[in-house]
Amino acid sequence: MQKLKMFLRLTLKSFKERKSRIAIAFFAIVVGIGVITSLFSVYYDINLKMSKEMRAYGANMILTPDSSNQQDQNNKMLSMNKFNQVVSKFSDQNLIGVRPNLYGIIELQQNSVKGVFSNMRPAVMVGTWFDQVEKVNPYWKIEGELPVNREVDDEIVLGKTVAEKLGYSVGEKIKMKLSDSYQVKEFIVAAVIESGSDADNQVFVNLKTAQKLLNKDNKISAAYLSVLNYENDPALLKGIENDIIGINLNSIKKIASSESKILDKIKSLMYLVVIIILLSTLLCVSTTMMTIVTERKEEIGLKKSLGADNKNVIIEFLTEAAILGGFGGLLGYGIGYLGAQIIGQSVFGSFISFRLPIIPFAFFLSVFVACLASIIPVRLVIDVDPAVVLKGE
Amino acid sequence: MELIKLDKVSKIYGDDLRALDNVSFAIDKGEWASVMGPSGSGKSTLLNMIGCLDTPTKGEVSIGGINISQLNKQELTKVRRDKIGLVFQKFHLVPYLTAIENVMVAQYYHSMADEEEAQQALERVGLGERAKHLPKELSGGEQQRVCIARALINYPDLILADEPTGNLDKENEEMVLDIFRELHSQGHTILMVTHDPTVGDLAEKMLELEHGRLVVNSKNSLV
Amino acid sequence: MFFRMIRRLFSRGLKSKLLAILAITFGASLMTAMLSVTLDIGDKLNKELKSFGSNIVIVPESKSLPVKIDGVDFTPLEKNKKYIDEKDITNIKMIFWRHNIVDFAPYLTATAEINNKQVPIVGTWFKNNVKIPTGERFDFGVKKLKSWWEVEGDWITNGGSKDEALIGLKFAEKMNIKPGDQFEVTINNNGTLLSKKLTAKGILKTGDQAESKIYVPLDTLQSITGLENKVEEIEVSALTTPENKLARRAKADPDSLTTAEFDTWYCTAYVSSIIYQIEESIPGVVGKEVRQITQGEGQILNKMSLLMLLVTITALISSGLGISSIMTTRVLERQQEIGLLKAIGASNLAVIALFTVEISLVGLIGGLFGYGLGNIFATIIGQQVFGTAISVKLLVLPLTLVMAIIVALVGSSSPLRMALKLDPAEVLRG
């Protein structure tokens with residue numbers, strides 16, 4: 001008991017009276033562990049964060065009617081009911097956005113000088129949900145404003161090529177005729193979108209409006225989904241297809257496979273970077289600890305001449321290092337967690353999730369490194385003759 | 001009764017650097033012996049050998065009947081801890097420990113730290129008031145007295161002092177020497193290395209080294 | 001004398017400086033590795049992002065409005081349909097930013113009938129060894145361009161047999177065609193029915209509309225349809241720089257730029273400037289930016305660059321810390337020496353000069369070793385992650401050395417100040 005008291009007193013004193021050295025070692029540990037903690041936190045979140053970023057590529061899944069049912073070519077439609085069933089299979093968290101489409105061919109009037117006869121030109125009309133565009137097609141360049149209210153039925157959005165070739169711009173009125181009837185409906189051009197894909201050649205109206213015009217109530221042709229984290233569960237798509245008859249749910253390979261390739265690259269990049277920083281940081285911390293211990297060579301010699309054996313000296317130094325490492329590790333964790341949040345906020349605009357295992361990891365790593373870093377130099381000088389040390393120059 | 005006995009002891013560094021060359025002598029219990037000689041004569045080597053900090057190349061050194069020539073470092077440490085109190089020329093106090101703690105460290109490594117006993121030891125060397133001061137707050141003489149208190153704390157059979165007054169002024173030297181006199185009168189065995197003849201003359205037994213050889217081994221006629 | 005002291009410090013005290021040099025080496029290697037990786041990450045990731053496919057589509061200038069639903073063409077038959085001349089295609093590899101053109105593939109589409117079932121038939125390059133006007137040869141085609149395409153059976157190589165085809169998975173299932181099967185296609189060419197026997201080399205799995213089409217070598221389709229040397233569309237994959245304000249302005253109206261701005265724009269690999277250059281080099285075409293690819297790419301690149309920048313900063317902090325803390329302890333250790341120097345008459349300035357030179361030398365040596373080690377780290381990262389070495393940027397060397405020295409000096413400055421303030425007598429007595 002009393003021995004322990006004296007031991008603690010020695011350790012405490014060594015901290016108290018060697019403030020500047022201890023402060024340096026402590027600082028080194030805190031910053032080192034801080035850097036490691038923040039990078040590890042970011043590393044463990046990188047997959048999640050980057051796959052969210054990858055949604056910038058838009059939809060990665062497409063829902064279509066079952067194509068093996070060939071007899072019914074004309075009725076290649078999905079009911080809204082089935083569509084809703086499919087959507088409900090994805091959690092809100094994972095479903096970034098979903099855009100149902102209903103296609104139909106219509107004729108649009110060429111915009112021309114007033115009074116002159118203008119001809120009608122065929123084009124593809126797509127009924128859709130405009131509020132989902134920014135989630136499913138975040139890359140569209142939109143001029144004007146999309147009619148995000150799903151009830152609006154007198155506004156139309158033109159693909160860029162349509163707008164150019166037919167000569168319309170935002171705010172103008174455009175006449176549309178259904179191919180198989182003489183019914184003509186007038187729309188206001190609410191926006192012009194540019195995508196560089198087929199969408200440039202299409203015109204868009206609200207889904208309900210299209211269903212009414214095409215006489216296909218509660219039907220859609222296809223739906224595009226932007227979904228997170230489904231790659232981890234290959235059975236998911238098949239499972240949904242089995243549950244709901246008459247649908248085809250496919251990942252869009254172009255996006256999905258490239259995405260996982262890129263994610264793997266990013267992950268392994270971060271992994272190597274983190275490992276290298278981890279090693280370097282640990283080496284920096286250790287060399288600092290080492291110099292601090294090395295300069296106590298004389299003290300070790302003295303203690304030995306006073307009758308301390310190697311075990312005494314090693315235990316003393318280890319305890320010191322462990323205390324230093326323990327506190328440094330915890331404080332470092334705190335700082336590192338804040339650092340991770342700074343990175344998360346500035347790069348991804350969201351918080352890096354809290355991971356409990358990193359706390360003991362930081363703690364033990366810190367204690368381990370501190371002990372290792374002080375035990376190496378202690379071992380090196382411990383067998384030095386106390387006489388040589390004490391001779392004093 | 002012989003406390004220390006050296007029998008044909010040699011210490012050879014490298015090929016042929018004889019720091020000690022065939023030295024033999026004995027010191028009785030309660031005796032005060034001084035080792036003199038110019039720099040490089042082998043004084044420190046001799047002291048290290050007797051202080052269990054080093055072992056001879058040839059010959060036998062025995063302390064309190066234990067032959068230490070063949071002991072390993074672990075065993076040497078044990079003998080040193082139990083039988084020897086060291087006083088250095090450059091004091092060598094742990095800089096971050098107070099005077100009393102520096103004394104207690106020696107207790108701690110020996111057996112058990114006892115603050116009261118350490119305080120008494122400091123009072124014996126006249127430093128009762130300065131117990132809570134750090135070495136850097138003490139004068140050279142005071143530091144040396146802390147060293148003596150530390151050397152005494154475990155009741156060693158032998159006090160080894162290496163130029164204990166070498167770094168002190170006249171006044172402090174006197175004070176330190178008084179302590180040694182008192183220790184001697186109480187029956188402590190003292191072996192002191194010095195190059196100062198006046199200090200050396202205080203001893204009962206005079207040993208003188210030259211180039212590693214023992215040239216004088218005589219009783220002091222003055223005492 | 002000054003230099004003699006420095007020399008002595010290094011010849012005699014080198015061992016004691018080993019730890020400091022070691023720490024600086026690690027710190028500097030970290031700086032080097034991270035700086036190299038960060039500076040090169042844009043290029044490397046950009047190449048990886050090419051697996052998303054083409055980011056530019058080139059079509060002939062035309063007034064027609066395509067009517068297509070999920071790849072099925074409803075466009076009314078058109079007279080005088082415009083095409084791109086096949087011999088002009090290789091000009092794409094001749095533009096100012098030719099090195100940024102990674103791949104491209106031309107397409108020609110017609111409607112064919114197999115067993116009375118209609119199917120779009122596409123002529124293209126699969127893997128075509130093309131000679132560009134400079135005499136260099138490159139492999140271009142969909143095999144590389146569409147990295148996500150999988151073929152069950154064998155790929156077709158252009159220049160081999162002309163009677164081969166890849167069959168889209170859905171169509172193959174519908175018609176029950178297997179790799180190796182022979183079938184006859186019929187194409188209605190302005191009223192004349194032309195037939196040709198083809199062999200199915202492989203079944204194409206793409207996860208998109210291509211699964212309902214069949215693909216044949218470009219020259220095969222050209223000769224069946226009589227459209228020799230004609231193509232309808234070219235998909236181009238180019239390495240591009242994420243758009244900024246200038247690029248957006250240039251895209252809206254290139255004429256609004258000043259000459260200097262135009263030059264900057266033209267000489268930067270924006271997707272719009274590359275399209276502009278392609279339009280210059282092939283007559284009668286317009287280029288379209290595939291925004292899905294370019295925008296997504298831009299976002300990923302920007303995020304990753306920012307992420308790497310922040311990671312690099314933390315790495316710099318950690319290496320700076322390592323170096324400065326070791327310098328601090330080194331100076332603290334030598335308080336006595338500083339006291340001694342002062343006691344024998346050195347002025348503060350002289351002490352500072354001595355230490356500055358010594359520390360700079362230590363920093364320099366450590367920095368040099370660190371640069372070497374850091375390049376090894378960077379190479380490992382490059383090889384492991386991207387399969388190619390990170391390009392060594394010369395800029396990193398002076399940057400690393402200067403930083404290593406500055407950090408070492410800054411780290412030792414405060415303990416040096418402390419040591420200089422101390423009374424020499426006090427230091428020496430202890």
So for [X], is it side chain, backbone, both, or neither that comes closer than 4.5 Å to the heavy atoms of chain A?
X: C:Leu309; result: neither
X: C:Thr312; result: neither
X: C:Glu173; result: neither
X: C:Ile41; result: side chain
X: C:Lys205; result: both
X: C:Val37; result: side chain
X: C:Glu48; result: both
X: C:Ser147; result: both

Would you say that A:Leu269 contacts C:Met308 through its side chain, given a criterion of any heavy-atom pair below 4.5 Å between the two side chains? yes

Just by modelled atom types, is the [Y] backbone N or O under 3.5 Å from a matching donor or acceptor in the [X] side chain?
X: C:Gln292; Y: A:Tyr57; result: yes
X: A:Lys253; Y: C:Asp208; result: no
X: C:Lys303; Y: A:Val347; result: yes

Taking every heavy-atom pair that is under 4.5 Å apart, which of C:Lys44, C:Glu297, C:Gln384 has the most such pairs with chain A? C:Glu297

In terms of heavy-atom pairs under 4.5 Å, which option from C:Thr206, C:Val57, C:Leu22, C:Ile56 contacts chain A the most? C:Thr206

Before giving the answer on salt bridge (charged side-chain N to carboxylate O under 4.0 Å, His left out), spell out for C:Lys251 and A:Glu194 the whole-Å C-alpha distance, their side-chain angles and the decisive distance to 0.1 Å. CA-CA 12 Å; C:Lys251 210 177 145 222; A:Glu194 184 187 347; 3.3 Å; yes

